[in-house]
Protein chains: 2
Amino acid sequence: MKRVSASLLPPIALDPGADVPIYRQLSEWFRRAIVEGQLQPGQRVPSTRALAGELKVSRLPVLSAYEQLHAEGYLETFTGAGTCVAGTIPLGAPEKPRRGRSNATPAATSPARRIAARAQAMAGPEQTWLESQGAFRVGLPALDAFPHEVWARLISRHARRVDTESLVYGDPLGYLPLREAVADYLRIVRAVRADASQVMITTGAQHGVQVCTHVLLDAGDSAWMEEPGYPGAHQALAAVGAKAVLVPVDEDGLDVAEGIRRGPEARMVYLTPSHQFPLGVTMSASRRMQLLQWATRAGRWIVEDDYDSEYRFGGKPVPSLQGLDADGRVIYVGTFSKVMFPALRLGWLVVPKDLVPAFCAARDALDTCSPMLPQRAMTDFIREGHFARHTRRMRALYAARRAALLEAIERHLPGRLRVVGAEAGMQLAALLPDGMDDIALSRRAAQVGVSIRPLSQCYRGAACRSGVILGYGGVDARAVDEAIRRLAHCL
Amino acid sequence: MKRVSASLLPPIALDPGADVPIYRQLSEWFRRAIVEGQLQPGQRVPSTRALAGELKVSRLPVLSAYEQLHAEGYLETFTGAGTCVAGTIPLGAPEKPRRGRSNATPAATSPARRIAARAQAMAGPEQTWLESQGAFRVGLPALDAFPHEVWARLISRHARRVDTESLVYGDPLGYLPLREAVADYLRIVRAVRADASQVMITTGAQHGVQVCTHVLLDAGDSAWMEEPGYPGAHQALAAVGAKAVLVPVDEDGLDVAEGIRRGPEARMVYLTPSHQFPLGVTMSASRRMQLLQWATRAGRWIVEDDYDSEYRFGGKPVPSLQGLDADGRVIYVGTFSKVMFPALRLGWLVVPKDLVPAFCAARDALDTCSPMLPQRAMTDFIREGHFARHTRRMRALYAARRAALLEAIERHLPGRLRVVGAEAGMQLAALLPDGMDDIALSRRAAQVGVSIRPLSQCYRGAACRSGVILGYGGVDARAVDEAIRRLAHCL
């Protein structure tokens, strides 16, 4: 065994004023020195008395540190030889930490830091313009019109009502009374056919789509995706290593015949039939039936994302695809983010009955269950009528905001921005003249406090249209005109 | 075009007392009849006047329903020919709904209802005995000793403090002040080396492990798993279609040399070095260094699940593996479920700096971000000292409960139940005589109100040991003796 004098120890810097006690600073120093190879297996270390003297500290913390290091197996003592670094410690220190790692170079560039190929594919489009908190941010409701006091009262009520069920791991499907309230609501408002046993509470639409892709698709399987479509759905598809079959959307919604031609083998279809994201069209009755018939005949699954079905301005709400499905082919995805507020993280899935066990298993594997407190408050918010009242008020408010937006576009951008599909929801898409760079435009707009989402980012194929997606839910009607005026300047 | 007299319509049953208005009942009936092929494309339907007369309702709801069905494309009107089912509706109804689907047969049994192969693999072990709310439920803290009033006050405080950040979509990494509090806590208590930029707030340890498997593993990749090990980690592995390499655990923890022999190509190692689940052993210093050296040399990732590191009774806490890692190989997983309560759904990941962008992208793809309210309350709970105070109190309480349990086992089951690894955490494992069926025992125990988890379920390989895992965190010391007496009767 190599014997090294104690004076050859690398320097130890102790900080008596630190949060971490001296004995812990010492034991951590030793561990690190051993791991990094500065102290070698078999190397002798100073006696506790000598080290305490050298460091000018009491002997107690040194004893304490040595005791701990013995217990963990870093040090060992031989009669006569004193205390040494344990001989069982493997020789050869790990390589030195690479310099400048904190200046995060993308992990994938070094083979030694290879991560899943899927990780790259899961990334969404660049979103630098979202830095702007200005007008037209997509997905933002009228937060100033939300009944915060009512909600705070319900949250406080349930924070104080503590029972075992409010504390332990919950049902992967969620809190039963909330599932019942959601089933009732969807039955009446969206013509969804389901009872509470088929409802799973999720942490939002993205999470819901993710659970679907995990249950329905293996790596290498393919799924129809709307082109243009919702980038988040592509991310959820990438999360399971599945492939997208891009199916074009026209004024009748998803082109089912084209889908059958391009991807007859696809195991799943993701679509937004009530209010297509981003174009805003509503899927026609004949396309709906074509899709259901194909799915039934071929044994395929349909994921219906009804992300903002609460708000519709032209005509009556179009009922869900799920309600037309007689063969249990549709998984229905919804969220409270748009009616309530995004940071709540509550949504739902409606699952065909025979798939419920598989969805429960997936939920258990992915994240166990949803937190209980917001589920209880949400149940009361619906049962006590606040939800229906708020939705009704928002429908009028959003109609006014939408009208103000259409008017402002007509005033400041006549003929330059062509609005498509503005009949529903909290956002509309508008086309720019062909060839215009909508990403560059969104960057310029962000600089003047206008947050627009470029339409071209919703395309995955080669052919894409240039345009902007304008969220009007969170923009006061009085601010709309000024924001569009600024956008006109950017054009 | 086929002309069918209106009197040939299938019967329509209206319910004037229902939540759903008459016009909606009517339009839904028509949609369904068309979808199910009872009304064929081109078939004539009664005039609004005739139908209203036949149904003995006012003409208004019938007009309203027809208008909606026209708008959606189900009906069309020709001058002279009256109103017909639209000719664009595809012929041939979907197959009849299968009978008895509600009596959920597993989806996988029918090829037409095939789901992902992964879905089967994601299922955890059967848990019928968890129906019992009795003693020894694993993972349950002392809920009666939690400072509920303090927590309710903090929740109410933040429910009332509404600002934009508390409402909109959050950072995928989580609320910055909470990430700072977690980084400080881990640095001081677990010798973790990280700043807030590397901390991601999750919805618990299971969710954290899931995010890791998604970033690190592609389908078909393999990962070392402890044998026996945590079933939830196997579920998270299955969620990405990765394969487990079973690596045995002995009294020094994971057998690293054996792991290198069995799975040199594995991309990831999942382990519980501080308090192995379920055996309770602590990984030795030499094994830790062996593992870090191999991971650095071979370019592998280590997921360190430190699920219950807060509580340790023999000796001082063993510092984390993450703190010894000089090459950014370790992703550190933790949870608030054990110190706070499981229904809170809050945990954390500590991620090597260069992997932060990939983890953010994955989080965005999987479920966007964590809800804001509990993050803010948790920040105050830590910053105001409640967390440290509660952990300290629980350490004393759990030590007493653990002592009572060991004593009761000694009294009622001397020589029949051999306790292993009881130095830390909130549970211990105890071995049964070889060949005894621990699953059957856990069923019998559930019937007398004792909830034990069979050890054999933590094994995935052929050779497995029989035993029980006893969670003592949630069991009053006075109730322990009686519960063990009952368990002895079951044996």
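All values below were derived from every heavy atom in this structure, side-chain atoms included, with hydrogens, water molecules and symmetry-related copies excluded. Residue numbers start from 1 in every chain, and the chains themselves are labelled A, B, ... in the order their sequence lines are given, proteins ahead of strands.
Both the backbone and the side chain of B:Val215 come within contact range of chain A, judged by heavy atoms closer than 4.5 Å. Only the side chain of B:Ser337 comes within contact range of chain A, with heavy atoms under 4.5 Å apart. Looking at A:Thr282, neither its backbone nor its side chain comes within 4.5 Å of chain B, counting heavy atoms on both sides. Neither the backbone nor the side chain of B:Arg157 comes within less than 4.5 Å of any heavy atom in chain A. Proximity to chain B (any heavy atom under 4.5 Å) is shown, for A:Gln290, by both the backbone and the side chain. Proximity to chain A involves both the backbone and the side chain of B:Ala123, based on heavy atoms less than 4.5 angstrom apart. Interface residue A:Thr88: backbone and side-chain heavy atoms are both found under 4.5 Å from chain B. Contact of B:Asp221 with chain A is made through the side chain alone, with heavy-atom distances under 4.5 Å. Only the backbone of A:Val189 comes within contact range of chain B, judged by heavy atoms closer than 4.5 Å. Using a 4.5 Å cut-off between heavy atoms, B:Arg161 makes no contact with chain A at all. With a 4.5 Å cut-off on non-hydrogen atoms, A:Arg363 does not touch chain B at all. Neither the backbone nor the side chain of B:Val356 comes within less than 4.5 Å of any heavy atom of chain A. For B:Ala71, no part lies near chain A; criterion is any non-hydrogen pair under 4.5 Å. Using a 4.5 Å cut-off between heavy atoms, A:Ala236 touches chain B through backbone and side chain atoms alike. Only the side chain of A:Leu140 comes within less than 4.5 Å of a heavy atom of chain B; its backbone N, CA, C and O stay farther away. When heavy atoms are compared at a cutoff of 4.5 Å, B:Arg287 does not approach chain A at all.
The side chain to side chain contact (heavy atoms under 4.5 Å, CB included) check on A:His234 picks up A:Met225, A:Ala244, A:Leu246, A:Arg460, with sequence neighbours excluded. Applying the side-chain hydrogen bond (donor to acceptor under 3.5 Å, both in side chains) rule to A:Arg160 yields the partners B:Ser156; only residues at least two apart in sequence or on another chain are considered.
Shown are A:Gln210, A:His214, A:Arg118; of these, the side chain to side chain donor-acceptor pair (under 3.5 Å) with B:His214 is made only by A:His214.
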Could you walk me through whether A:Ile155 and B:Leu373 satisfy the side chain to side chain contact (heavy atoms under 4.5 Å, CB included) test, starting with their C-alpha distance in whole Å, then the side-chain angles of each, then the deciding distance to 0.1 Å, before giving a yes or no? CA-CA 10 Å; A:Ile155 285 283; B:Leu373 178 63; 3.8 Å; yes
Any chance you could lay out the side chain to side chain contact (heavy atoms under 4.5 Å, CB included) test for A:Arg31 and B:Arg288, step after step, and finish with the verdict? CA-CA 11 Å; A:Arg31 258 183 235 109; B:Arg288 283 169 194 248; over 6 Å; no
Side chain to side chain contact (heavy atoms under 4.5 Å, CB included), that's the test. Do B:Ser370 and A:Arg345 meet it? Break it down for me. CA-CA 7 Å; B:Ser370 287; A:Arg345 314 307 306 127; 5.9 Å; no
Side chain to side chain contact (heavy atoms under 4.5 Å, CB included) between A:Val168 and B:Arg137, intermediate numbers included: CA-CA 11 Å; A:Val168 301; B:Arg137 189 139 173 187; 5.8 Å; no
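In this structure the side chain of A:Thr203 never reaches within 4.5 angstrom of the side chain of B:Thr203, judged on heavy atoms.
Residue with the most contacts toward chain B among A:Ala361, A:Ala365, A:Gly299, A:Ala159: A:Ala365 (heavy-atom pairs, distance under 4.5 Å). Chain A forms the most heavy-atom pairs under 4.5 Å with one residue out of B:Leu346, B:Leu344, B:Val240, and that residue is B:Val240. When each of B:Ala119, B:Ala191, B:Ala238 is checked for heavy-atom pairs under 4.5 Å with chain A, B:Ala191 comes out on top. Contact count against chain A (heavy-atom pairs under 4.5 Å) is highest for B:Pro342 among B:Gly232, B:Pro342, B:Gly474, B:Gly204. Ranked by heavy-atom pairs under 4.5 Å with chain A, the list B:Leu69, B:Leu216, B:Val20 is led by B:Leu216. For the options A:Asp252, A:Asp184, A:Asp19, heavy-atom pairs under 4.5 Å to chain B are most numerous at A:Asp19. Contact count against chain A (heavy-atom pairs under 4.5 Å) is highest for B:Cys369 among B:Gly241, B:Ala205, B:Ser284, B:Cys369. Most heavy-atom pairs under 4.5 Å with chain B: of the set A:Cys360, A:Ala18, A:Ala343, this distinction falls to A:Ala343. When B:Gly208, B:Gly323, B:Ala377 are compared by the number of non-hydrogen pairs under 4.5 Å with chain A, B:Gly323 comes out ahead.
Nearest heavy-atom pair, A:Leu324 versus B:Arg32, reported as atom, atom and distance to 0.1 Å: CA-NH2, 3.9 Å. Residue A:Met122 comes nearest to B:Ala362 through the heavy atom pair CE-CB, 3.7 Å, listed as atom of the first residue, atom of the second, then distance. A pairwise comparison of heavy atoms in B:Gln206 and A:Asp364 identifies CG-O, 3.5 Å as the closest pair. Pairing each heavy atom of A:Gln293 with each of B:Pro90, the nearest pair is NE2-O, 3.5 Å.
With rounding to the nearest 0.5 Å, the separation of CG in A:Leu167 from CG in B:Leu143 is 5.0 Å. Once rounded to the nearest 0.5 Å, the distance linking CG of B:Leu366 with NE2 of A:His207 reads 8.5 Å. Between A:Gln235 atom CD and B:Thr368 atom OG1 the span is 8.5 Å, to the nearest 0.5 Å.
Listed for the A:Trp301 side chain is no donor-acceptor partner under 3.5 Å among the backbone atoms of B:Arg113. With hydrogens and angles disregarded, a donor-acceptor distance shorter than 3.5 Å links the side chain of A:Arg24 to the backbone of B:Ile188.
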